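Each remark here refers to the structure printed beneath this line.
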Amino acid sequence: MVLSTDSRWEVVDRIARRTVAYGTYKRTLGDVLGELTVKPLTGIPVAVAALFAFWSIFCSFAGALVTDGFMVKLFDSHWLPWLQSVWPDPASWHYFVFVGDPLADNCFEAFGVLTSGLFVSIGVVLPAILIFYLMMTVLEDSGYLPRLAVLVDSVLHRIGLHGYAIVPMILGLGCNVPAVTATRILETRKQRFIMMTLLAIFIPCGAQLGVMLEVIPDMIGLVFLCLIGGFCLFGYILNKVIPGENPEILVDVPPYHWPIRENVVKKMWNRTKSFLKEAVPFVLFGVLLVNLLYLGGVIQALAAFFEPLFVTWFGVPKETVGPLIAGFLRKDLAIAQLSVIPMTAYQMFASVVLISIYFPCVATFVIMLREGWKELCAALAVLFVVVFVYGGLIHAIGILLGVA
Amino acid sequence: MADSTKKKITVLMVGNPNVGKSALFNRMTGANAMVSNYPGTTVDFTSGTLIEGRQEYEIIDVPGTYSLEPRDAAEEVAVRMIRDHPDAVVMIVFDATKIDRGLYIALEVMEQGMLCIVAVNMMDTAHDKKISVDTADLQKVLGVPVVATTATSGEGIRELAEQIRKAQVADLDKIIKRLNGEIPDKKSVGGCGGCGGC
């Protein structure tokens with residue numbers, strides 16, 4: 001027997017009336033405070049404060065405390081000199097691949113699999129993602145995310161999305177891979193396409209943020225500004241160009257809960273485990289591949305080939321080709337590699353932005369392919385246009401300001 | 001140990017978003033499905049194994065959906081899972097504070113003629129909000145096993161696992177007749193909820 005929607009609701013009503021009883025419920029202090037986080041007048045300052053707290057904890061824990069305070073000392077004064085002293089034959093190819101530059105005095109510059117590879121993945125990125133995921137879990141489990149979604153709804157409507165797109169965006173700041181799958185909660189193909197494209201181009205992942213914090217701590221704000229600017233600009237354009245609907249947000253706002261410790265620990269463990277199992281080998285493999293390509297002369301040849309484009313159009317040194325190749329495997333590695341290329345502050349800034357917006361890392365690429373090859377191809381087409389146009393635009397602004 | 005002669009039974013966990021399906025799923029199977037406090041955490045299905053009373057079950061955690069007419073890609077996954085497993089037992093999970101919305105999708109599933117069992121989850125939140133749900137009466141009306149659970153603390157999980165084998169095909173005609181009082185309530189014997197599983 002199949003009911004119509006109306007008669008189904010009628011049956012629902014009658015069953016509910018018979019089985020559910022409501023007592024008198026007194027509003028608690030928690031409810032009142034909870035309401036303050038959704039009303040625009042109080043909610044927006046709360047949101048700004050929450051995100052600011054998020055960012056400061058991230059910087060002070062990952063950047064200052066663990067990486068600078070402990071990991072840099074461990075890797076630069078103990079691990080690197082020890083490896084340099086015990087690995088045989090500094091002139092050999094295997095020394096170059098695994099230990100790197102025999103004269104380097106820090107693990108960024110050495111660029112061997114066992115020096116920079118381990119330092120970047122364990123010393124810099126691991127603490128960054130640990131603290132990032134801890135805070136993200138609090139956001140997820142407390143019930144704040146759907147409230148944030150309601151708050152940012154009107155802004156996101158201008159770029160063809162609605163408030164709930166904040167969920168893939170925040171997940172994307174951790175890792176773009178689960179974020180791409182999370183776009184499934186958006187209703188239309190247009191929304192999903194815009195979100196996936198913007199994710200792949202403009203949202204840097206936690207690993208990348210961790211390395212940026214270490215390599216360009218002074219410029220990270222400016223880089224962010226550029227990414228947010230691009231996100232809004234190209235979101236606006238995509239919204240105008242792509243046909244399709246962008247329906248209103250319909251979201252169930254759940255009650256606030258204290259995160260359950262057991263669940264927080266479990267999530268942290270699972271995310272860290274998958275980082276160690278999937279990301280670390282990729283970083284190590286990335287260093288290996290780049291070093292082998294250097295030895296084979298491939299990177300030098302590519303650098304010469306792309307020199308006109310890089311130098312004239314983007315205003316960055318031709319050596320950036322190496323990091324761009326590494327960037328296809330892992331963006332964190334690419335930024336680490338940038339840090340050892342001699343260049344001006346402006347060039348550094350421009351190349352970090354370029355690495356961020358250029359091709360998504362291979363893991364993101366694969367997951368986007370799974371969500372639909374047509375969308376992936378279209379997203380890549382948008383990406384090429386964006387990299388070319390936005391990269392040129394930043395260079396032009398740099399020239400006008402006299403810094404490029 | 002599971003009896004190798006018994007066939008593995010598939011159980012689909014279906015219900016509205018953010019009612020605790022993944023938390024229940026983790027409790028029953030010991031798996032690691034991602035659990036958060038926002039609707040739409042699960043966007044793909046995960047499966048795990050439960051062995052109860054010499055019977056092996058394959059439990060599948062399905063993305064939450066408000067109805068069987070999908071609104072987005074995650075809900076499409078849920079609807080496809082139901083369509084692809086016509087012989088599965090459907091475990092419909094309710095949020096005890098939002099029974100009516102759970103009932104809507106429950107009726108939709110029941111109309112498909114599938115074996116059903118209901119878990120009324122988040123009983124702790126309902127208690128805090130002074131909402132009481134008469135699960136015994138709900139069982140009588142629906143004619144399928146109804147179990148009260150709190151996934152976060154693990155309450156009711158064992159009973160839920162035991163009741164899977166008693167899952168019933170609900171008869172919409174009878175549900176309406178019972179609501180109209182046309183079928184008198186059976187006198188319950190020895191704590192029987194009248195699910196008809198015996």
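This structure is a prediction, so every number in the text was calculated from the model and none was measured. By convention in this document, chain letters (A, B, ...) are assigned in the order of the sequence lines, proteins followed by strands, and residues within each chain are numbered from 1. Just so you know, these numbers use all the heavy atoms, side chains as well, and skip hydrogens, waters and symmetry mates.
- Put simply, the side chain of B/Asn37 gets close to the backbone of A/Ser142: a donor and an acceptor are under 3.5 Å apart.
- Residues of residues 7-15 of chain A having a heavy atom under 4.5 Å from any heavy atom of chain B, listed by number: A/Arg8, A/Trp9, A/Val11, A/Val12, A/Arg14, A/Ile15.
- Heavy-atom pairs under 4.5 Å with chain B were tallied for A/Asn270, A/Leu171, A/Leu145, A/Thr181; the largest tally goes to A/Asn270.
- Only the side chain of B/Thr125 comes within contact range of chain A, with at least one heavy atom under 4.5 Å from a heavy atom of that chain.
- Of the two parts of A/Arg147, neither the backbone nor the side chain holds a non-hydrogen atom closer than 4.5 Å to a non-hydrogen atom of chain B.
- The local environment of NZ in B/Lys177 is sparse, with at most 12 non-hydrogen atoms from other residues, nucleotides or ligands closer than 6.0 Å.
- The line from CG of A/Asp31 to NZ of B/Lys129 is 7.5 Å long, rounded to the nearest 0.5 Å.
- For B/Glu108, the parts lying near chain A are the backbone and the side chain together; criterion is any non-hydrogen pair under 4.5 Å.
- A donor-acceptor pair under 3.5 Å is absent between the side-chain atoms of A/Asn263 and the main chain of B/Ser36, judged by distance alone.
- For B/Asn18, the part lying under 4.5 angstrom from a heavy atom of chain A is the side chain only.
- Chain A forms more heavy-atom pairs under 4.5 Å with one residue of B/Ala74, B/Ala96, B/Ala106 than with any other, namely B/Ala74.
- Here the shortest heavy-atom pairing between B/Arg178 and A/Arg18 reads O-NH1, 3.6 Å.
- Within a 6.0 Å sphere centred on OH of A/Tyr256, heavy atoms belonging to other residues, nucleotides or ligands number more than 12.
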Report task. Run the numbers on A/Tyr25 and B/Ile131 for side-chain contact (heavy atoms from CB on, under 4.5 Å), then give the verdict. Result -> CA-CA 9 Å; A/Tyr25 176 67; B/Ile131 298 170; over 6 Å; no
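- With respect to chain B, the highest number of heavy-atom pairs below 4.5 Å among A/Arg189, A/Lys267, A/Lys26 belongs to A/Lys267.
- Separating the OG1 atom in A/Thr19 from the CG atom in B/Leu103 is a distance of 6.5 Å, to the nearest 0.5 Å.
- With salt bridges taken as basic N to acidic carboxylate O contacts below 4.0 Å, one links A/Arg184 and B/Asp44.
- Remark: A/Trp258 CH2 is loosely packed, at most 12 non-hydrogen atoms of other residues, nucleotides or ligands lying under 6.0 Å away.
- Within 6.0 Å of NE2 in A/His157 there are more than 12 heavy atoms belonging to other residues, nucleotides or ligands.
- B/Arg71 CZ: more than 12 foreign heavy atoms inside a 6.0 Å radius.
- Within the 4.5 angstrom heavy-atom criterion, atoms from both the backbone and the side chain of B/Leu172 approach chain A.
- For the set A/Ile185, A/Leu139, A/Val253, A/Asp252, the count of heavy-atom pairs under 4.5 angstrom toward chain B peaks at A/Asp252.
- The local environment of NZ in B/Lys174 is sparse, with at most 12 non-hydrogen atoms from other residues, nucleotides or ligands closer than 6.0 Å.
- Only the side chain of A/Tyr164 has a heavy atom closer than 4.5 Å to any heavy atom of chain B.
- Residue-environment remark: CD (B/Glu111) exceeds the threshold of 12 foreign heavy atoms within 6.0 Å.
- Interface summary for chain B: among A/Ile260, A/Thr28, A/Thr188, A/Val167, the most heavy-atom pairs under 4.5 angstrom belong to A/Val167.
- Within a 6.0 Å sphere centred on CD of A/Glu245, heavy atoms belonging to other residues, nucleotides or ligands number 12 at most.
- Identified by a heavy-atom distance below 4.5 Å to chain B, the contributing residues of residues 361-370 of chain A are A/Arg370, in residue-number order.
- Between chain A and the options B/Glu76, B/Lys98, B/Arg101, the largest number of non-hydrogen pairs under 4.5 Å is found for B/Arg101.
- Atom CG of B/Asn26 is separated from atom CD of A/Glu262 by 9.5 Å, given to the nearest 0.5 angstrom.
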